Amino acid sequence: MFLRFKKEVLKMLKVDERFVKESDHADLACTIAFKLAKEQKRSPQEIAEELVAELEPREYVGSIEVVNGYINFFVSEEFLEDTIDLILDQDYDYGSPRLKGEVLVEHTSANPDGPLHIGHIRNSIIGDTIARIMKKAGLNVRTQYYVNDMGRQIAITALGYRRFGIDESKKPDHAVVEAYIKMNKELERNPELEREVEDLMIRYERGDEEAIELFREVVELALEGIKETLQRLNVQHDEFVWESEFIRNGYVDRILKMLDEKGLLKKDGAWMIDLSDLGYEKPVVVRRENGTTLYVTRDLAYHLWKNENFERFINVLGADHKLIGKQLQDILKLLGLKPPEIVFFEFVSLPEGSMSTRKGKFISADELIEKVYEEARKIVEGREELSDEEKDHIAKAVAVGALRFDFVKIAPEKPMVFDWQKALDFERQTASYIQYSHARCCSILRKAVESGMPDLDFRGDLCTPLERKLVVLLSKFSYIVLRVVNELKPNIFADYLLKVANTFNDFYRDHPVLKAESELRMHRLAIVDATRIVLRNGLELLGIEPLERM
RNA sequence: GGGCCCGUGGCUCAGCAUGGAUAGAGCGACGGCCUUCUAAGCCGUAGGUCGCGGGUUCAAAUCCCGCCGGGUCCGCCA
């Protein structure tokens with residue numbers, strides 16, 4: 001709805017979109033007069049007044065005023081009424097800007113050599129949230145986990161698995177990483193084993209059956225554990241795509257042929273692409289002297305496949321992939337293919353330094369989830385009216401919410417230092433605050449039903465300034481969704497939802513609902529119900545369960 | 001050495017793309033509010049040279065240049 005208001009404002013003014021912005025002083029504010037002031041050598045105020053004199057309020061633009069050169073626009077009562085009607089009418093569907101298109105989101109894609117750690121889940125949470133928001137926007141979204149089954153570290157894991165076996169009593173990913181860590185130590189002690197690693201990698205790429213079976217077994221084990229963790233976090237993948245598939249299905253050969261035909265390959269024993277014209281110091285090797293391919297080669301093949309199937313493809317990658325990511329984009333462009341859009345996120349480190357799976361220096365996602373759950377459980381214990389089962393359910397939802405929100409609210413480009421104390425401090429958990437606000441809405445509506453639910457009837461003319469503010473905020477849902485789709489910054493949405501919860505709690509404080517008389521009661525119940533729908537739909541986009549009581 | 005990212009009250013962050021009206025939240029601190037729709041809530045107070053120095057502009061947290069501090073990348077690894 002807010003999008004329509006903005007469109008009307010733009011149509012009235014006939015100015016470029018960038019001069020119209022959100023503001024604390026108005027629903028939308030225009031700064032064009034400042035620009036014109038310079039050219040015309042007149043005061044911004046004068047120009048703004050002149051511009052406004054020619055404008056007539058329309059359907060959704062209720063009033064216009066000029067202050068200090070700003071042209072401030074306010075929504076009409078009709079706008080407020082249509083917003084509430086739309087929300088109540090669309091319910092679960094509310095909030096979509098109704099886009100069309102085929103989109104692929106690739107995220108997480110952690111090496112299958114052990115459990116996900118707290119750095120990996122930053123990737124999962126950003127990726128999953130983007131995917132959810134794009135789906136909401138109406139796009140046809142598929143999510144994939146790219147399984148790096150051909151790497152050196154998987155060969156090492158496979159060797160460790162064969163040599164030491166694994167502890168079957170443990171969750172499989174945690175068991176696999178033990179073999180990986182042990183094998184790494186073994187390699188340090190005995191560098192001769194290096195040849196075995198290399199040999200195994202070559203055999204796997206050439207399609208040696210025994211090697212394939214070994215890799216498959218160990219990778220499946222790791223993935224089994226990883227999938228369980230992802231499920232706990234409400235992170236969904238439609239498919240797990242194995243890197244080695246692109247060797248076997250011919251895409252690697254095709255991409256190499258394309259590179260060759262474009263004259264991009266320098267074959268000097270190894271095959272490489274010279275990117276010095278684009279400012280890269282070193283060439284990118286796509287085929288080793290021994291005939292095997294590299295990670296980037298398979299990734300190029302994967303992106304050839306993406307080009308054939310999707311209009312937009314988005315990768316969520318750690319900042320350590322920046323160089324290789326840019327090279328991938330540039331090579332694809334040279335081939336006349338579409339490059340992926342990449343969301344880079346900075347590292348999550350521990351107070352004592354960066355994490356390392358190889359050295360066993362990491363905090364696993366499972367451990368974090370468990371501890372946060374225990375903490376949430378302590379708080380829920382205080383609610384005597386709830387059954388044990390309900391308490392458990394609420395604690396789980398609150399824990400996952402706290403965790404997901406903690407990661408998604410921070411802009412991806414910010415480095416994070418993990419802190420146990422903060423992760424477990426529920427005083428600062430904003431997710432449960434939003435869940436709580438939603439539960440409050442539900443509670444009011446439950447009581448209203450008990451005492452005979454009246455018809456909901458929102459009236460623009462009954463709105464207090466705060467109610468007006470809340471409804472305008474509710475109208476921005478699809479506008480915010482669209483922003484995330486365009487800018488790929490899911491933290492914008494987290495911020496928005498927090499603002500909705502905040503404003504609702506302000507409303508709750510000094511606007512009695514159930515005690516209000518007749519039409520005011522109907523009016524406010526409509527606001528509560530609409531807020532409930534926005535909070536519920538919004539929490540779902542963040543992968544957080546909207547609880548009805550807590 | 002070169003590239004990229006980050007640097008905003010004691011702490012964690014938003015705002016920076018497209019410069020504009022008093023720099024916003026949360027935690028922590030201090031003081032208040034449960035006979036009134038869930039106190040996982042609300043209200044109030046204190047706390048800021050927006051890393052530093054220049055520049056552009058009527059106007060800079062936001063744009064440009066130079067520094068400083070932290071992170072990260074620069075393999076025929078992934």
Side-chain angles (χ1 to χ4, degrees), chain A residues 16-21 23-26 29 31 33-35 37-38 43-44 67-70 72 111 113 148 150-154 201 243 268-272 279-290 292-296 298-299 318-324 326 344-347 349 354 376 379-380 382-383 385 394 398 406 409-417 419 422 425-437 439-448 487 489 491-492 494-495 498-499 502 505-506 508-516 524-525 528 549-550:
Chain A
D16 194 284
E17 196 177 349
R18 73 200 150 94
F19 293 114
V20 174
K21 21 194 113 175
S23 159
D24 291 336
H25 308 271
T31 57
F34 294 97
K35 283 278 173 266
K38 192 166 182 196
S43 85
V67 183
N68 299 332
Y70 292 89
N72 289 336
N111 289 327
D113 53 15
N148 302 141
M150 300 195 69
R152 212 182 101 83
Q153 63 284 82
I154 302 308
M201 283 174 71
E243 193 183 347
D268 182 16
W271 296 2
M272 46 190 98
Y280 295 99
E281 265 180 65
K282 294 170 184 168
V284 176
V285 177
V286 292
R287 190 174 182 270
R288 293 190 188 91
E289 204 157 350
N290 69 13
T292 56
T293 57
L294 290 97
Y295 175 81
V296 66
R298 276 102 62 179
D299 212 15
D320 53 336
H321 287 70
K322 272 192 181 176
L323 180 62
I324 186 74
K326 293 259 186 313
F344 290 108
F345 66 93
E346 287 290 332
F347 271 48
S349 56
S354 49
I379 297 167
V380 186
R383 294 269 137 103
E385 70 276 18
I394 289 168
V398 167
D406 244 4
K409 75 178 176 197
I410 293 176
E413 68 273 12
K414 269 318 174 188
M416 291 174 81
V417 178
D419 181 337
K422 283 185 181 137
D425 179 4
F426 271 88
E427 283 310 310
R428 53 174 289 286
Q429 288 310 348
T430 32
S432 46
Y433 174 74
I434 299 170
Q435 285 171 309
Y436 184 73
S437 308
R440 264 186 167 168
C441 292
C442 292
S443 172
I444 293 174
L445 293 162
R446 240 185 343 255
K447 293 213 162 122
E487 301 173 40
K489 290 179 186 168
N491 55 305
I492 295 175
D495 205 58
L498 190 56
K499 228 180 263 172
N502 230 314
N505 278 316
D506 287 344
Y508 178 88
R509 180 188 63 232
D510 43 34
H511 293 69
V513 179
L514 296 175
K515 283 193 183 146
R524 290 191 176 155
L525 277 170
V528 173
R549 37 182 116 223
M550 59 190 285

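If you're wondering where the values come from, they're calculated on a predicted model, not measured in any experiment.
Considering only side-chain N and O atoms, A:R509 lies under 4.0 angstrom from the phosphate OP1 or OP2 of B:C43. Between A:R288 and B:G75 there is no side-chain polar atom (N or O) within less than 4.0 angstrom of OP1 or OP2. Under 4.0 angstrom from either OP1 or OP2 of B:A40 there lies no side-chain N or O belonging to A:R428. Between B:C42 and A:Y433, a contact under 4.0 Å exists linking OP1 or OP2 to a side-chain N or O. The side chain of A:K414 contributes an N or O atom lying less than 4.0 Å from OP1 or OP2 of B:G7. Contact annotation: A:S354 reaches the phosphate of B:U72 (side-chain N/O to OP1 or OP2, under 4.0 Å).
Using modelled atom types, one finds a donor on one side chain and an acceptor on the other under 3.5 Å when comparing A:N505 with A:R440.
A:Y508 comes within 4.0 angstrom of a nucleotide base, judged by non-hydrogen atoms across all strands. Residue contacts shown for A:N72 include a base, since a base heavy atom lies under 4.0 Å away.
Minimum atom distance to the side chain of A:V285 is reached by B:C76, of the listed B:C6, B:C76, B:C42. Listed nucleotides B:A21, B:C4, B:C13 differ in distance to A:K322; the shortest reach to its side chain belongs to B:C4. In this structure, the nucleotide among B:A78, B:A14, B:C37 sitting nearest to the side chain of A:V513 is B:C37. Out of B:A21, B:C76, B:C5, the shortest distance to the side chain of A:S23 is found at B:A21. With B:C74, B:G28, B:A14 as the candidates, the nucleotide lying closest to the side chain of A:A411 is B:A14. For A:I444, taking side-chain heavy atoms from C-beta onward, the closest of the listed nucleotides B:C13, B:C37, B:A59 is B:C37. Distances from the side chain of A:N505 to the nucleotides B:C6, B:C42, B:C77 place B:C42 closest.
One can place CG of A:D495 at 14 Å from P of B:C13, the figure rounded to the nearest angstrom. The CZ-P distance, from A:R446 to B:C37, rounds to 14 Å in whole Å. Separating the NZ atom of A:K38 from the P atom of B:U56 is a distance of 13 Å, rounded to the nearest angstrom. Between the P atom of B:A17 and the CG atom of A:N491 lies a distance of 16 Å, rounded to the nearest Å. To the nearest angstrom, P of B:C11 lies 18 Å from CG of A:D406. As a whole-Å value, the separation of A:D320 CG from B:C5 P is 16 Å. Taking atom CD1 on A:I154 and atom P on B:C77, their separation rounds to 16 Å, with Å as the unit. Taking atom CZ on A:R440 and atom C1' on B:C42, their separation rounds to 8 Å, with Å as the unit.
Taking 3.5 Å as the limit, the base of B:A78 and the side chain of A:D299 contain no donor-acceptor pair of atoms between them.
The minimum heavy-atom distance between A:M416 and A:D406, with the atom names listed, is CE-O, 4.1 Å. Nearest heavy atoms, A:K35 versus A:F19: CG-CE2, 3.4 Å.
Comparing the P positions of B:C16 and B:C30 gives a spacing of 35 Å, expressed to the nearest Å.
Consecutive Watson-Crick or G-U pairing (both distances under 3.5 Å) extending over three or more pairs maps onto RNA chain B as B:1-7 with B:68-74, B:10-13 with B:24-27, B:29-33 with B:41-45, B:51-55 with B:63-67.
To the nearest 0.5 Å, the span separating CD on A:E243 from CG on A:N148 amounts to 5.0 Å. Rounded to the nearest 0.5 angstrom, A:T292 OG1 and A:R287 CZ are separated by 8.5 Å.
With RNA chain B read from its 5' end, the first of the two nearest nucleotides for A:D268 and A:D510 is the one closest to A:D510. Sequence order on RNA chain B of the closest nucleotides to A:H321 and A:H25 puts A:H25 first from the 5' end.
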